[in-house]
Amino acid sequence: MSMFFTMAPYAVAYTIPILITALGGMFAERSGIINIALDGIMIIGALTGVLSVTLLADACGSAAAAAAGILLAVLMGMLFSLLLAFASVHLNADQTICGTALNLMAAALSVYLSRQIVGVSIIIVNSLPRFDIPLLSSIPIIGQVLFQKSYVTTWLVLALTVLSWYVMERTPFGLRLRACGEYPEAAEAAGIHVAGIRYTGVLISGAFAGLGGAVYALTVAGQSTGNVNGLGFVALAGLIFGQWRTFRVLVSTLFFGFALTVAQISTLWPSLSAIPPLFLKIFPYAITLLVLVFSSKSSRAPRAEGKYFAYKK
């Protein structure tokens with residue numbers, strides 16, 4: 001039990017950027033656009049967040065600089081995702097290839113911009129402060145897991161999770177978006193502007209993935225290195241394992257968050273010292289592959305995801 005309480009705050013911190021990125025992928029994919037570029041958008045968001053703190057902290061304080069960095073990361077994520085939306089909707093390009101190209105471009109662009117702006121390829125910043133929530137942190141078990149050593153971004157992302165569920169399942173926009181991902185022909189016949197809905201889904205996806213990158217860089221990572229250790233792909237796996245449903249995605253990404261925590265803080269546990277460090281490092285990614293292998297047969301993606309559709313001009 002003590003091991004669980006040691007892991008829990010770290011696992012939640014790792015889960016949060018994966019969760020919000022996976023939810024972004026949900027909006028894109030349930031509209032019918034495969035967003036393989038989640039990892040690349042996270043890289044852009046991480047760079048934006050870290051650069052903002054580095055350049056603005058002396059002028060306006062670290063808290064304001066971090067808030068500005070998160071907002072700018074959301075904006076940059078949206079702008080970067082526009083490339084995918086344009087290629088997928090207007091050009092009817094292969095969405096998987098486009099997403100892969102954006103991932104490669106983001107990694108190279110991040111290193112280049114880092115060197116041009118601050119002179120180094122790895123930018124290190126102070127992580128956001130943790131805090132205990134008064135009264136709630138003293139609740140047995142739950143308080144130790146959720147309300148101790150938490151980041152403010154944790155509660156922002158959890159609020160966005162509930163909002164995502166409501167928008168997707170309880171609003172006309174959510175119904176239209178799901179219709180475009182299942183039967184775009186029927187949606188267009190009903191008067192829905194499929195191209196506009198898909199653009200919106202991809203933009204939301206970019207905003208959430210950019211936020212996820214900034215949250216990762218400003219919390220558990222504390223740096224921008226031109227990559228996010230594959231968390232965008234882990235988020236994609238969490239999305240698939242969660243069957244494109246908001247709260248299922250929450251549970252699946254929490255599972256992956258715990259797997260990543262085992263790899264990162266394994267040195268704190270003498271019982272794991274006999275396991276070669278390399279095995280512990282690849283453990284979360286091996287688990288990701290195994291989960292996808294065993295869940296792929298029962299997976300049900302949106303029917304029109306990634307398929308050609310003749311949009312009205």
Side-chain angles (χ1 to χ4, degrees), residues 1 3-30 34-43 95-97 99-100 102-104 107 145 157 161 205 208-209 212-213 215-216 220-221 225 227-303 305-306:
M1 186 62 72
M3 183 181 293
F4 173 79
F5 286 127
T6 301
M7 287 180 59
Y10 296 96
V12 171
Y14 269 105
T15 298
I16 290 302
I18 301 172
L19 169 61
I20 193 61
T21 303
L23 292 177
M26 179 183 70
F27 276 93
E29 299 202 3
R30 295 198 74 177
I34 301 174
N35 194 349
I36 299 294
L38 292 176
D39 198 75
I41 300 172
M42 283 190 75
I43 291 172
Q95 297 165 17
T96 302
I97 294 176
T100 302
L102 289 177
N103 285 332
L104 295 174
V145 173
V157 170
T161 301
S205 178
F208 279 15
V215 168
Y216 173 70
V220 293
T225 62
N227 71 79
V228 288
N229 292 324
L231 290 193
F233 297 107
V234 175
L236 193 60
L239 174 63
I240 297 169
F241 187 43
Q243 292 294 288
W244 296 268
R245 298 293 188 274
T246 305
F247 293 121
R248 289 187 182 184
V249 170
L250 171 61
V251 174
S252 66
T253 53
L254 183 60
F255 168 78
F256 290 125
F258 268 94
L260 284 164
T261 304
V262 169
Q264 295 299 323
I265 65 173
S266 57
T267 55
L268 300 177
W269 303 326
S271 59
L272 298 178
S273 60
I275 302 175
L278 178 61
F279 288 175
L280 292 172
K281 291 296 182 183
I282 67 174
F283 171 73
Y285 307 103
I287 286 292
T288 301
L289 289 173
L290 287 174
V291 166
L292 289 178
V293 167
F294 287 107
S295 64
S296 59
K297 290 184 179 179
S298 60
S299 179
R300 184 195 174 282
R303 286 186 178 88
E305 182 186 50

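Because only heavy atoms are used, hydrogens play no part in the values below, and waters and symmetry mates are left out as well, while side chains stay in.
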So [Y] and [X], do their side chains get closer than 4.5 Å, heavy atoms only?
{"X": "Leu260", "Y": "Val220", "result": "no"}
{"X": "Val249", "Y": "Trp244", "result": "no"}
{"X": "Thr161", "Y": "Leu19", "result": "yes"}
{"X": "Thr21", "Y": "Leu231", "result": "no"}

Does the plane of the ring in Phe27 sit parallel, tilted or perpendicular to the ring in Phe208? Use 30° and 60° as the thresholds.
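Ring orientation, 0 to 90° scale: perpendicular.
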Side chain to side chain contact (heavy atoms under 4.5 Å, CB included) assessment of Ile16 paired with Tyr216
CA-CA 8 Å; Ile16 290 302; Tyr216 173 70; over 6 Å; no
Which atom of [X] lies closest to which atom of [Y], heavy atoms considered:
{"X": "Ser205", "Y": "Gly25", "result": "OG-N, 3.7 Å"}
{"X": "Leu38", "Y": "Gly232", "result": "CB-O, 4.1 Å"}
{"X": "Ile20", "Y": "Gly212", "result": "CG2-CA, 3.4 Å"}

Under the side-chain contact (heavy atoms from CB on, under 4.5 Å) rule, collect the residues that match up with Ala286, sequence neighbours excluded.
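side-chain contact (heavy atoms from CB on, under 4.5 Å) check on Ala286 returns nothing, list empty.
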Listed partners of Asn103 passing side-chain contact (heavy atoms from CB on, under 4.5 Å), at least two apart
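Per chain and number, Asn103 pairs via side-chain contact (heavy atoms from CB on, under 4.5 Å) with Ile36, Ala37, Asp39, Phe233.
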Just by distance, do the side chain of Asn227 and the backbone of Asn229 share a donor-acceptor pair under 3.5 Å?
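Yes, Asn227 side chain to Asn229 backbone: donor-acceptor pair under 3.5 Å.
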What distance do [X] atom [atom1] and [Y] atom [atom2] have between them, rounded to the nearest 0.5 Å?
{"X": "Ile18", "Y": "Ser252", "atom1": "CD1", "atom2": "OG", "answer": "9.5 Å"}
{"X": "Tyr14", "Y": "Thr261", "atom1": "OH", "atom2": "OG1", "answer": "7.0 Å"}
{"X": "Arg248", "Y": "Ile240", "atom1": "CZ", "atom2": "CD1", "answer": "14.5 Å"}
{"X": "Asn35", "Y": "Leu236", "atom1": "CG", "atom2": "CG", "answer": "8.0 Å"}

With salt bridge (Lys or Arg N to Asp or Glu O under 4.0 Å) as the rule and sequence neighbours excluded, what pairs involving residues 13-30 come up?
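Pairs touching residues 13-30 that pass the test: Arg30-Glu169.
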